[in-house]
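Counting convention: from 1, in listed order, for ligands and their atoms alike.
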Amino acid sequence: MALNRQVVFQVTMPALLVALAMLGTSLLGIRSINHLQADRDKIVSEHVRSLEAAQDLETELRHLRFHSFVYVMDKTPGRWAKVERDQIAFERILGEIRTRAVPEEKRVIEAIESGYHQYRTELQTSMQSTGRQTTADHLKWADSHPIRSLVIPCEELLTLNRKAMNDTAEESARQSDRARSRMILLGIIGVAGGLIGGSGVAWGLSRSITRLSVRLHDVHAHLDQEVGSLRLTAVGGNLQRMEQQVGTILTRVREVVDQLQRQECESLRAEQLAAVGQLAASMAHEVRNPLTSIKLLVGAALHGRCPEGLSTADLQVIHDEVGRLERKVQALLDFARPREGEHQPEDVGGIIQQVVDLVQQRLRQQAVSLLLELPPEPLTADLDRDQFKGVLINLIFNALDAMPSGGRLNIHLQREQPDRLRLAVADTGPGIDAAVVDRLFTPFFSTKLTGTGLGLSVSRRIVQAHGGSLTVSNQTGGGACFAIILPEGRMKDER
Ligand code: ADP
């Protein structure tokens with residue numbers, strides 16, 4: 001599941017980044033197009049208003065021309081009122097145009113104003129002329145109408161505005177073309193980006209698949225050594241094919257594991273059978289010697305070779321041999337059915353001292369020196385005294401067995417951590433061979449000719465029953481070190 005999420009992340013991340021970059025660029029493009037559009041709309045509406053005003057001015061000019069002409073022919077107040085109304089309208093429109101005028105329009109507006117002024121003056125002169133005028137006079141006046149000096153600048157204004165409108169329309173078309181080109185470019189970049197990003201992801205995936213495929217072939221080669229041939233073909237980026245191959249390898253791995261487990265069970269069983277055989281042989285050997293002594297003595301008494309019967313010394317030998325037999329049988333029984341320990345607070349240092357006293361003679365015989373390190377204060381643990389003594393004797397005897405030509409035995413007791421005691425039994429023998437270290441605590445494992453291989457497995461069982469642990473390690477300077485960790489207890493009167 002975690003792998004899937006990682007793969008999805010690796011695949012989607014580059015695509016997501018490209019998409020985000022595209023989105024950002026598109027948003028910027030849209031924003032700038034909107035700005036351009038708004039500016040253009042503003043300019044266009046300005047120009048439309050100016051053009052409309054110029055057209056209105058021209059219309060009013062026509063009205064003014066007509067009504068002024070009619071008034072000159074018929075100078076009545078009614079005709080004058082119409083001229084006056086046209087003049088007001090003309091002046092109003094001209095005023096509006098002036099307020100919005102761009103610099104190049106200002107010159108034309110000045111010409112219109114001066115023409116308008118001239119028209120007003122000439123019209124005034126015409127109004128003051130008296131006397132009867134003929135149609136020919138009127139037509140002559142019409143030809144030299146005072147409005148004439150206004151017509152050209154007004155037309156010029158209209159032309160200026162029309163030109164500005166055309167320029168704006170052309171500029172707008174150009175901008176639209178530019179925006180279109182940019183959008184097309186953006187689209188092309190987007191497609192290219194998508195293609196590059198996609199190819200990058202595909203390339204990365206294909207590389208990972210190829211690497212995975214190479215590893216699969218490696219695994220397959222190893223598996224072949226264990227379970228025979230397994231056919232794998234080149235994958236070359238085909239995920240479905242790779243999944244099938246992973247499935248095949250998994251099935252093979254399961255087969256290998258099953259096979260190994262079976263082999264392990266078989267070898268364990270074989271080892272145990274061999275160990276039972278060894279045990280039986282060693283028991284037979286151990287039992288035969290005392291039985292032979294007893295048989296010889298009893299036989300001699302039976303067949304009259306000892307007329308005075310068995311001596312006390314003979315009886316003592318029989319008694320000792322029977323005791324030995326009993327102990328052997330008891331050891332075997334102890335292993336098969338360990339007895340329930342009777343735990344009580346004991347001074348661990350005191351027990352160690354007692355055991356050391358027992359083995360002093362053997363230490364001397366083997367020229368083994370003893371380094372006993374006990375803490376000044378008594379350390380207590382809840383123990384079955386006899387069982388614990390047995391464990392300690394077993395460890396010491398093993399250490400002595402490992403040093404047949406002398407050496408040093410080091411027994412060290414200390415408080416390891418609050419509420420934990422550590423007892424170490426170390427020797428200067430050959431240490432533990434790495435090949436057998438895992439089997440050391442297995443029942444019946446022994447490298448000795450007459451060993452039962454029960455000592456360490458029973459010892460570990462006993463220590464564990466005391467809530468502790470028994471482990472082994474090799475010392476840096478040589479020799480083995482067996483360490484017992486025990487929970488610290490309290491003497492009854494301390495509780
Ligand atoms: P046994 O002593 O009957 O062989 P143990 O269970 O006590 O059975 O020991 C198992 C084996 O562990 C021994 O045969 C020996 O190979 C190895 N061993 C135990 N103690 C030591 C030691 N101090 N140094 C080296 N090897 C040891």
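Residue, atom and distance of the protein heavy atom nearest to atom 2 (O) of ligand 1 are Lys448 NZ, 2.8 Å. When hydrogens are left out, the protein atom nearest atom 27 (C) of ligand 1 is Ile432 CD1, 3.6 Å; that is the closest non-hydrogen contact. Of the protein's heavy atoms, Thr447 OG1, 2.3 Å lies nearest to atom 16 (O) of ligand 1. With hydrogens left out, the protein atom closest to atom 5 (P) of ligand 1 is Leu456 N, 3.6 Å, a heavy atom. The protein heavy-atom contact nearest to atom 10 (C) of ligand 1 is Phe445 O, 3.2 Å. Looking only at heavy atoms of the protein, atom 23 (N) of ligand 1 is closest to Asp427 OD2, 2.9 Å. The closest protein non-hydrogen atom to atom 12 (O) of ligand 1 is Leu440 CD1, 3.3 Å. Among all protein heavy atoms, the one lying closest to atom 19 (C) of ligand 1 is Asn398 ND2, 3.5 Å.
Ligand 1 places these atoms under 4.0 Å from at least one heavy atom of Gly431: 25 (C). Below 4.0 Å from some heavy atom of Ala399 lie the following atoms of ligand 1, by number and element: 23 (N).
At a heavy-atom distance under 4.0 Å, only side-chain atoms of Ala402, from C-beta outward, approach ligand 1.
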Gln316/Asp320 under side chain to side chain donor-acceptor pair (under 3.5 Å): CA gap, chis, key distance, verdict:
CA-CA 6 Å; Gln316 187 60 47; Asp320 289 350; 3.0 Å; yes
Going through the distances and angles, do Asp258 and Gln261 end up as a side-chain contact (heavy atoms from CB on, under 4.5 Å)?
CA-CA 5 Å; Asp258 286 352; Gln261 278 173 346; 4.0 Å; yes
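Below 3.5 Å of separation, one finds an N or O of Gly453 facing an N or O of ligand 1.
Within the 4.0 Å heavy-atom shell around ligand 1 one does not find Ser459. Within the structure, ligand 1 lacks Gly429 among the residues with a heavy atom less than 4.0 angstrom away. Under a 4.0 angstrom heavy-atom cut-off, Phe482 registers as being in contact with ligand 1.
For Glu96, the salt bridge (charged side-chain N to carboxylate O under 4.0 Å, His left out) criterion is met by Arg92, not counting sequence neighbours.
Between Asp177 and Arg180, at least one side-chain nitrogen of the basic residue sits less than 4.0 Å from a carboxylate oxygen of the acidic one, meeting the salt-bridge criterion. Classification of Arg49 and Glu46 as a salt-bridged pair holds, one side-chain N sitting under 4.0 Å from a carboxylate O. Salt bridge Arg262/Glu255: absent, no basic N to carboxylate O contact under 4.0 Å.
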Residues 427-436 side chain polar contacts: donor-acceptor under 3.5 Å, at least two apart:
from, atom 1, to, atom 2, distance (Å)
Asp427, OD1, Gly429, N, 2.8
Asp427, OD1, Ala480, N, 3.2
Thr428, OG1, Arg408, N, 2.9
Asp433, OD1, Ala435, N, 3.3

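To the nearest 0.5 Å, atom CD of residue Gln37 and atom CD of residue Gln175 are 9.0 Å apart. Atoms CG and CG, on Leu291 and Leu296 in that order, are 11.0 Å from each other to the nearest 0.5 Å.
In this structure, His412 contributes its side chain and Leu371 its backbone to no donor-acceptor pair below 3.5 Å.
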